[in-house]
Amino acid sequence: MARTGLGFDSHRFAPGRPLILGGVTIPHDEGLAGHSDADVLTHAVIDALLGAAGLGDIGQHFPDTEERWAGADSLALLRAVVELVGAAGHRVGNVDATVMLERPRLAPHRDAIRVSLAAGLGVAEADVNVKATTGEGMGFVGRAEGAAALAVATLLDASRRG
Ligand code: MG
């Protein structure tokens with residue numbers, strides 16, 4: 001039986017930080033603030049996987065109050081979560097995500113992000129889709145105060161192929 005999970009995350013823009021999305025460092029004059037590397041897209045994907053598996057959320061597994069997760073590479077956290085859901089009897093079917101940010105334009109980086117996430121998830125690139133949209137000047141995304149991401153993941157029974 002297939003299981004579906006939803007993930008959402010947002011982080012504030014801050015100067016002097018790298019902008020990392022889906023494990024890819026995007027050239028920009030500021031980045032996202034957070035306890036980890038603040039990879040908002042990967043965090044949304046992690047929560048989608050945990051949601052599909054019924055395993056809670058990212059904060060339960062990697063609390064931002066714990067020093068060992070300071071500056072954490074979110075792609076490494078993603079791989080740990082893929083192992084966790086695998087141990088629970090699931091394998092990743094597909095992931096679809098939307099990044100919401102006003103700038104920079106993500107189109108030039110979309111393929112690299114897809115490749116990076118697919119590697120972290122252990123699936124084919126065809127099983128990962130990344131979309132981007134702006135806030136049309138509205139709200140915290142539109143004012144470029146921060147970026148947000150939504151993700152949906154499908155998990156399949158690990159004992160079945162196809
Ligand atoms: Mg986060």
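This structure is a prediction, so every number in the text was calculated from the model and none was measured. For ligands, and for the atoms within them, numbers begin at 1 and follow the listed sequence.
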Are [X] and [Y] close enough that some pair of their side-chain heavy atoms sits under 4.5 Å apart?
| X | Y | result |
| --- | --- | --- |
| Leu75 | Ser116 | yes |
| Leu117 | Thr42 | yes |
| Leu106 | Leu21 | yes |

Given a cut-off of 2.8 Å, the protein N, O or S atoms lying below it from the Mg ion (ligand 1) are Asp9 OD2, His11 NE2, His43 ND1
The residue among Val81, Val130, Leu121 that forms side-chain contact (heavy atoms from CB on, under 4.5 Å) with Val45 is Leu121
Item to complete: Could you pull out all residues at least two apart from Asp37 that satisfy side-chain contact (heavy atoms from CB on, under 4.5 Å)?
Response: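 Asp37: side-chain contact (heavy atoms from CB on, under 4.5 Å) contacts with Ile20, Asp39, His43, Asp73, Ser74.
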Exercise. Can you check whether Leu155's main-chain N or O pairs, donor with acceptor, with Arg3's side chain at less than 3.5 Å?
Worked result: no
